[in-house]
Amino acid sequence: SQTIHQWPATLVQPVGSPLSLECTVEGTSNPNLYWYRQAAGRGLQLLFYSVGIGQISSEVPQNLSASRPQDRQFILSSKKLLLSDSGFYLCAWSDPGARVSEAFFGQGTRLTVV
Amino acid sequence: GQNIDQPTEMTATEGAIVQINCTYQTSGFNGLFWYQQHAGEAPTFLSYNVLDGLEEKGRFSSFLSRSKGYSYLLLKELQMKDSASYLCAVRDRRKADSWGKLQFGAGTQVVVTP
């Protein structure tokens, strides 16, 4: 069966510090991968979307970046965090070859920038 | 792009029925999803509609009208554990991608009271 791992679960970082969140998927190949951010009491904002290794679509201009160095690895990074980067970050995957191709989410990382 | 609108909050009594409406505008429709999200947790997939009509899955049903850009999620026999945020998400069809990306609405907070 397929699983998605996302870590860390919680993170407190000072303003101006770097960020690296990692997400890996097991049990599938060539997944579509997503990074979403959810501010408190708000919906999910799509940040990055990837259909293959090295292929990243950025949905929102910001100081975050994403990379996909391996087929089932998706990394969210920042060189210098801002206070506004605080939020709940969710990684997700979907199978582009499946009939429904719903997104399956990791457990999320709650980031607080102080 | 897409605009996805759903009510912010709904309150209903245990055992009752609640209908959550979602309207959307998209340049290329490729499916509508409903997700449930409990506070502090990741969203979980509930239902999928790509053709017009009603899809029933236990106590949950979802309806789609593509011509009207409209969907609803119907929750029957409400239980206390159904208190959660319900997210409507639309997948668009993009020429550059194999399957398209998911965009989410802000979510509807359902409060079930005894």
Side-chain angles (χ1 to χ4, degrees), chain A residues 2-7 9-10 21 23 25 28-52 55-60 66 74 87-112, chain B residues 1-9 20 22-24 26 29-51 55 57 60 62 64 84-111:
Chain A
Q2 300 89 0
T3 56
I4 178 169
H5 302 280
Q6 182 183 343
W7 66 93
T10 58
L21 301 181
C23 172
V25 181
T28 188
S29 58
N30 299 317
N32 287 345
L33 295 172
Y34 312 81
W35 277 111
Y36 287 90
R37 177 172 60 200
Q38 187 175 35
R42 304 287 295 276
L44 276 68
Q45 179 187 36
L46 181 62
L47 301 176
F48 299 98
Y49 169 58
S50 173
V51 298
Q55 300 179 62
I56 310 293
S57 296
S58 176
E59 298 298 316
V60 181
F74 206 23
F88 190 43
Y89 287 82
L90 289 155
C91 180
W93 74 274
S94 66
D95 179 355
R99 182 185 73 85
V100 175
S101 192
E102 69 268 38
F104 297 94
F105 287 85
Q107 289 306 298
T109 296
R110 189 159 303 282
L111 172 66
T112 304
Chain B
Q2 294 150 320
N3 294 315
I4 303 171
D5 294 311
Q6 50 182 129
T8 304
E9 185 172 316
I20 307 168
C22 172
T23 58
Y24 64 90
T26 183
F29 179 80
N30 193 15
L32 186 139
F33 299 77
W34 284 95
Y35 282 80
Q36 180 190 60
Q37 186 180 24
H38 286 100
E41 299 181 6
T44 55
F45 169 72
L46 288 178
S47 69
Y48 169 72
N49 296 71
V50 68
L51 299 176
E55 294 284 341
K57 191 185 291 187
F60 295 172
S62 57
L64 175 69
S85 181
Y86 291 84
L87 307 170
C88 174
V90 175
R91 182 167 58 204
D92 66 1
R93 185 183 295 278
R94 289 154 51 104
K95 294 180 181 178
D97 304 329
S98 61
W99 202 234
K101 59 182 180 180
L102 272 181
Q103 294 277 15
F104 283 79
T108 298
Q109 185 66 43
V110 171
V111 178

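Chain naming here is simple, since letters A, B, ... match the order of the sequence lines and numbering starts at 1 in each. Just so it is clear, the values below take in all heavy atoms, side chains as well, and ignore hydrogens, waters and symmetry mates.
In this structure, the portions of A/Leu44 lying under 4.5 Å from any heavy atom of chain B include both its backbone and its side chain. Only the side chain of B/Gln37 comes within contact range of chain A, with heavy atoms under 4.5 Å apart.
A donor atom on one side chain and an acceptor atom on the other are found under 3.5 Å apart for A/Ser94 and A/Tyr34. Between A/Asp95 and A/Ser101, the side chains place no donor N or O within less than 3.5 Å of an acceptor N or O (distance only, hydrogens not considered). Between the side chains of B/Glu55 and B/Ser62, not a single donor N or O lies within less than 3.5 Å of an accepting N or O.
Most heavy-atom pairs under 4.5 Å with chain B: of the set A/Gln6, A/Gln38, A/Gln55, A/Arg110, this distinction falls to A/Gln38. The residue among B/Ala42, B/Gly31, B/Ala89 with the most heavy atom pairs within less than 4.5 Å of chain A is B/Ala42. For the set B/Pro43, B/Gly105, B/Ala106, the count of heavy-atom pairs under 4.5 angstrom toward chain A peaks at B/Pro43.
Applying the ring pair (Phe, Tyr, Trp, His ring centres under 6.0 Å) rule to B/Tyr35 yields the partners A/Phe105, B/Phe45, B/Phe104; only residues at least two apart in sequence or on another chain are considered. Evaluation of the side-chain contact (heavy atoms from CB on, under 4.5 Å) rule for B/Thr23 yields B/Asp5, B/Tyr70 as partners, not counting sequence neighbours.
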